[in-house]
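To start, the structure under review is shown below, and the notes come after it.
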Amino acid sequence: MDLGPSETQQVLKRTAREFLQTVVNPAIVRQMEEDRIGFDPAVWKQVCELGWTGLMIPEEYGGQGGDVSDMAILFEEVGRSLLPSPLFASGVEAALTILALGSEEQKRDLLPKLASGEKIFVVALTEPTGTYDAWGVETRAERSGNGWKLTGTKLYISYAHVADLLIVAARSGEGDDAIAFFLVDPKVNGVKLTILDTIGKDHQYIVELDGAEAEAVLGPERGGWSAFQDVLAKAAVVHSAASIGAAERCLELAVDYSKQRVQFGRPIGSFQALQHKMARVVTEITGAQLCVYEAAYRLAVGQDARLEVAIAKAAASDAYTNASIEGCHIHGGAGFIRGSEMELYFRKAKGAEVILGHPRWHKKRVTALLAEMAQPAEHH
Amino acid sequence: MDLGPSETQQVLKRTAREFLQTVVNPAIVRQMEEDRIGFDPAVWKQVCELGWTGLMIPEEYGGQGGDVSDMAILFEEVGRSLLPSPLFASGVEAALTILALGSEEQKRDLLPKLASGEKIFVVALTEPTGTYDAWGVETRAERSGNGWKLTGTKLYISYAHVADLLIVAARSGEGDDAIAFFLVDPKVNGVKLTILDTIGKDHQYIVELDGAEAEAVLGPERGGWSAFQDVLAKAAVVHSAASIGAAERCLELAVDYSKQRVQFGRPIGSFQALQHKMARVVTEITGAQLCVYEAAYRLAVGQDARLEVAIAKAAASDAYTNASIEGCHIHGGAGFIRGSEMELYFRKAKGAEVILGHPRWHKKRVTALLAEMAQPAEHH
Amino acid sequence: MDFTFPEAAEKFRLEVREFLKRELTPEIRDEYAHCTDYPHGFNKAFTRKLGQKGWLTLTWPKEYGGMGMDVWHRLVFDEEMAAAHAPVAAHQVAANFVGPALIHYGTEEQKKKYLPPIARGESTWSVGMTEANAGTDLASIETRAVRDGDEWVINGNKMYTEHLQDSDYYWVLVRTDPSAERHRGISIMVLDMKTPGIQMLPLWTMDGYRVNQVYFEDVRVPADAVLGELNRGFYHLAMTLNTMRSAGLGGWTETRRDLEDLVLYAKETKVNGRPLIEDDWVQNGLAEFMIHNQISRLLAYRVASMLENGGPAPDRETAVRQVWTKTYGQLHVKFACDVIGMGSQVGHYSPKFAPLAARWERRYMGSIAGAHNGGTPENALNTVALRVLGLPR
Amino acid sequence: MDFTFPEAAEKFRLEVREFLKRELTPEIRDEYAHCTDYPHGFNKAFTRKLGQKGWLTLTWPKEYGGMGMDVWHRLVFDEEMAAAHAPVAAHQVAANFVGPALIHYGTEEQKKKYLPPIARGESTWSVGMTEANAGTDLASIETRAVRDGDEWVINGNKMYTEHLQDSDYYWVLVRTDPSAERHRGISIMVLDMKTPGIQMLPLWTMDGYRVNQVYFEDVRVPADAVLGELNRGFYHLAMTLNTMRSAGLGGWTETRRDLEDLVLYAKETKVNGRPLIEDDWVQNGLAEFMIHNQISRLLAYRVASMLENGGPAPDRETAVRQVWTKTYGQLHVKFACDVIGMGSQVGHYSPKFAPLAARWERRYMGSIAGAHNGGTPENALNTVALRVLGLPR
């Protein structure tokens, strides 16, 4: 039991940090917020060449054969750097979805393109209700000849505008079982993309489907939803790892600033009230990070991780939110002016909090699982 | 608009403080916790002579003709002193109940005895479910000849052991309307009193009724429950005022201790973390006190005060709980050793929190009232 | 014990409400909601209308353009303005901070010159206190004014000044005696914004309003630019800060409106068929929001009642009110965002998908600045600890 | 990345569980739940049984009566003991604090004399650090030992010493060089409790356990009563405190049991016909309780893994674990009481009306002491701020 990254993972982490320091900084992040594409294609090419897109894809499909715990370690650094790119959308969400649902043929076809970065795939799941529960999938799929036509609105779809293929969750009837995942070329008739104005300016899109034709169903026509739960779990853990990395950066910024900034003749970091704020932040981050690692570990080795995943996402989101809020407070004026590094993290934290399940939603799951497990102890 | 005690009320408050300082102190409170009767009959006699039992009773029934805001001001001092006595049970709860429900004849009979202190009356409402909602009244009243027989368990009944008469809420059928208030002599067959072990050691009793015969119904046989709501409201506000007084004392103890106690060469009150704790406590108390005053004022002048009462009880209980917890923390070892003044307040605060509706319960009411009132604004 | 407004004030409330209904056009309101440069709307024409009514300076003495009315009228006016989301940036600083301070320590000449235009809503002021290296530690400001014949020559900088780009006058704190101990040797000066040498660099806050970084390069002002006593500025300032801290007494109504809208939202929004408001945590959070708002209201009334009785603003209530504003405000913004969930990240350029017109997205971004405006949350807690509780330094 | 115990440790877990099932009689468990003098049960016979198995000192070197096993065995043992509510007061201080410290700085003679009886579960120790005027500021202790020929003569006092009334030895911090600067000149001594001149005055904590006020009046001890180096006691102490702070690694299991029982209670208790657990705030609070407990568990494992790898207990994790324990513990006790509601005030003498056997009533009363045992919550936060984050003093 070591509870931390293996030696190989430590190398991955170190390499990632070094690379990211050369290609991204707060000014670039801010520039990309206003950019139409939202990321630097040259950097994206390097990211793909480093094998990050294919990190979790088995070697037989052109990937690196790593697991979700490797990806989590990598995303601590990605989250820390705020790298703008479709890596999470394509390399995590889409890759996991294709792996979990695709037929052998689909995997052979799609995964190598995704891994090499030749293509970008994007999953379109959430809708205006913003939930990750099955009832939130209201987009309808109707048979049309041999194929399907989709109608509905998908919301919060990151980097949909650069997707070569959308993987759209839609239902052909009542019940969770009637949800399937459809491959849709975003350029066909009946697909309309509009950028969503978000606090994180992170290129989420509104995807309006008006009888858009699907190329195919990814995997089975029924039962996809239950297999997809594993995708949500793994994606949530990877995103939680990104939150940990970002939260660590917030803490660093706060600590550094508080050591330099002098007020009333003393560095503000010597005031006990601020010291305790930062002490609480490091406490929360340290705890949440271990939760994320445990969830990643259990998912990687195939153990039941429902409880651990819910705990990880809730703890990591809360830790990041608090780290960003306290970080801004400690920066005072320098924390709420556009252009400050701190302000970036504050805004991005909100997106990280709500994606893949709000902490509130995961906490409900924690208790539901506890209630399921709770049995009177034998010696009571 | 002055938002504070009137000049007369200030006199009442000052007199009360002076009197209480002479008759009660922490050692006496502690002694009375272990005492079978639980209060000093000689002090009780003085309390009655001061007119406190009859403060809210109209002069025509032998009282002082004051209102609930007078009683609230008085109870700030009573709460602060932790005076052990049946004043709240008899002078507030029973007095209000008889005033609200009793027939003219019953008032003429009972109120003068209560006001003079000749008799002690106690309301027995709550049961093991601990709720103040109508569904919590499960004690059954059954007709028996011309009278009624009561069966059920009443819990948390303060000073039931010294009551000359119990006023017992019981139901003769389904629905809130079927709840009535019965006058029961605690010495009749079928009434069993057992002391309840409570954290505040404040002489609450278990009252087991096994076909106990009622002397009469207080007021109407039907509809008493709805009239009783005003009793609950006023009693909650008076008890909240007591919490404010006690919370102020917790704060004083903490401030005094922190000025004297030296650690690392400085009084601990100079450490910012403790300063901020105390600053938060005074903030909460100041806010809650105004809420209590406003609720008392509205009840006194007969305005709708449902929202204000719920806010007052929630805010006052929370303020007292926090003041007692932080006070103990600031006292360190001196805060958790039996015999310390701080420890007394910590334990009593728990009883004050749960009586007459837990803050959680009152907060539910606040939102229910808000939801009832909320209307789309005209210029939205 | 009394919790009601005097009858005259309640009557005045109807008059104000009637006026706002008529004059606060949808255009002005829209400007308020979406304007990107000002947090509270800036409309000179509207301000002038209020000035014509005498409502900007209800409690001022009549000789300086005031109405000589009681504090309750002022409070009623503030409540109605805030509840209606009426623009105030064009007059707020002048009428509520600078004016009262000038009445206190200005020369008769200065009062005659500056006060009546403020009362008429015709002059806009900004206040410059903090600097890059000063923060809330105002005794450490570095901007200097050096006497040169009949004039003062100012060099230095100021940070985070609101709407200076539209102001006529700039009230600034400058060091006039660098040899004195840090609290002494500071003076207050007024700068006509037409004076050469004042440079502005705009900055924007996270939630999109403009604050200015200001640089003074050999800015020459006449000798009578000094307000109050020379080198006693820091002590005059205490008075100004006190006025600031007991101002905004009507602001709770804006929050109440936010809360009421949130209650409606929670009633109307369903999660898997069930209204949000049936969730216990939503109920609990809304109640705590309401309780805190109620306390803000009562603390405001309490401060007003003390002021009306001729006393200074009471230390305890004034200080405690700062703590409420600065520490609990953030909690409720976070709570509202939690209630809204995924949609709380959506801004007002996507109106279809932005719940409650993206108000909480903007409030979330404004919550940091909100807590730091006029002092940090820690400053507020320190004040309570040291001044109200008398704890040792 | 690995989160599993070594196989041998898991096997050992079954052995411990089997043993506890057999030996932990209902009488002993009852004593644990209701005993009024000890927070964690005191049973010398039971402790001796554990000593016979060698389980008190699993990780000690064999030469001093230890088993020479890895940290995971120790952790497994602690987890099972805490989960079973087994009594530990008769050996805990000796085996977990005094022993490891002695191994570190004791003379060979002292080790030979004191360690084996501890390992056998035959000697009970108490620790005396704080004093009436010292609190957590241990460098300011006033108890003095003065050399007199071959002996030391001790005068002074100690506060809040647990189970001293049943101890064989008393480990105390005394000042041996009053002329030295406050951190220097302090030594550690061991007092045989049979030595004349030691007076005890019992105090009881709110939740009913006994702590002693101790007075020394010309207590004479031999020269070899000094443990470690003379006048270096404060530096040795740091080591002892570190051991203390990385001890109790299995304690999270007791809290997990509390939580599980609370979940059951919330499932089974109905409010107006509806199970408590359907309330959203109950769900949320239980989840946060679980999350914090999970983190306690993981931090314990992390500290253990660093210790196993031969390093000292890691600063960050150890310090952070203190913050968790001291600041969040109280929150969950309050939450549990809120869930229980009116019944949370009922004590165990009214068993019929005391939910969950009045556990939370007692925990509520113990929550203050719990947070202050071995340092205040503020101390824990200071340590993180200064030592982990390197913030300036």
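Letters A, B, ... are given to chains in the order of the sequence lines, protein chains preceding strands, and every chain is numbered from 1.
Considering only heavy atoms from C-beta on, D:L203 stays 4.5 Å or farther from B:R338 through its side chain. Between D:E378 and B:F271, every side-chain heavy-atom pair lies at or beyond the 4.5 Å cut-off.
A tilted orientation is assigned to the rings of D:Y160 and B:F336, their planes being inclined by 30° to 60°.
No more than 12 heavy atoms of other residues, nucleotides or ligands sit less than 6.0 Å from atom CZ of D:R393. Taking a 6.0 Å sphere around CZ of B:R261, one finds it holds more than 12 heavy atoms contributed by other residues, nucleotides or ligands. Remark: B:K201 NZ is loosely packed, at most 12 non-hydrogen atoms of other residues, nucleotides or ligands lying under 6.0 Å away. Within a 6.0 Å sphere centred on CZ of B:R140, heavy atoms belonging to other residues, nucleotides or ligands number more than 12. The local environment of CD in D:Q199 is sparse, with at most 12 non-hydrogen atoms from other residues, nucleotides or ligands closer than 6.0 Å.
How far CE of D:M206 is from OG of B:S340: 6.5 Å, rounded to the nearest 0.5 Å. Here CH2 of D:W204 is found 13.5 Å from CD of B:E343. Values are rounded to the nearest 0.5 Å. With rounding to the nearest 0.5 angstrom, the CG atom of D:N382 is 8.0 Å from the CZ atom of B:F264. One distance of note links OG1 of B:T153 with NZ of D:K352; it measures 5.5 Å at 0.5 Å rounding.
D:D137 places no side-chain N or O within donor-acceptor distance of the main-chain N or O of B:Q263, the cut-off being under 3.5 Å. Of the possible polar contacts, one joining the D:S350 side chain to the B:D197 backbone as a donor-acceptor pair under 3.5 Å is found.
Both the backbone and the side chain of D:T205 come within less than 4.5 Å of a heavy atom in chain B. Residue contact with chain D, scored on non-hydrogen atoms closer than 4.5 Å, is absent for B:K348. Within the 4.5 angstrom heavy-atom criterion, atoms from both the backbone and the side chain of D:T136 approach chain B. For chain B, no part of D:A354 is nearby; none of its heavy atoms comes within less than 4.5 Å. Contacts between B:T198 and chain D at a heavy-atom distance below 4.5 Å involve backbone atoms as well as side-chain atoms. Of the two parts of D:V271, the backbone and the side chain both hold a non-hydrogen atom closer than 4.5 Å to a non-hydrogen atom of chain B.
Residue with the most contacts toward chain D among B:G136, B:A273, B:C328, B:G339: B:C328 (heavy-atom pairs, distance under 4.5 Å). Of the listed residues (D:L381, D:T376, D:D338, D:N133), the one with the most heavy-atom contacts under 4.5 Å to chain B is D:D338. The residue among D:M365, D:M342, D:K270 with the most heavy atom pairs within less than 4.5 Å of chain B is D:M342.
B:E353 and D:Q345 are not linked by any side-chain donor-acceptor pair at a separation below 3.5 angstrom, with hydrogens and angles left out of the test. Judged purely by distance below 3.5 Å, without hydrogens or angles, the side chains of D:Q330 and B:H329 pair a donor atom with an acceptor atom.
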Check the pair D:F353, B:Y156 against ring pair (Phe, Tyr, Trp, His ring centres under 6.0 Å), reporting the backbone distance first and the verdict last. CA-CA 10 Å; D:F353 298 110; B:Y156 313 112; 7.9 Å; no

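Under a 4.0 Å N-O distance rule, the pair D:E361/B:R347 does not qualify as a salt bridge.
Screening B:L155, B:L196, B:I206, B:I199 for a side-chain contact (heavy atoms from CB on, under 4.5 Å) involving D:V346 leaves a single residue, B:L196.
Among all heavy-atom pairs drawn from B:I325 and D:I368, the shortest one is O-CD1, 4.0 Å.
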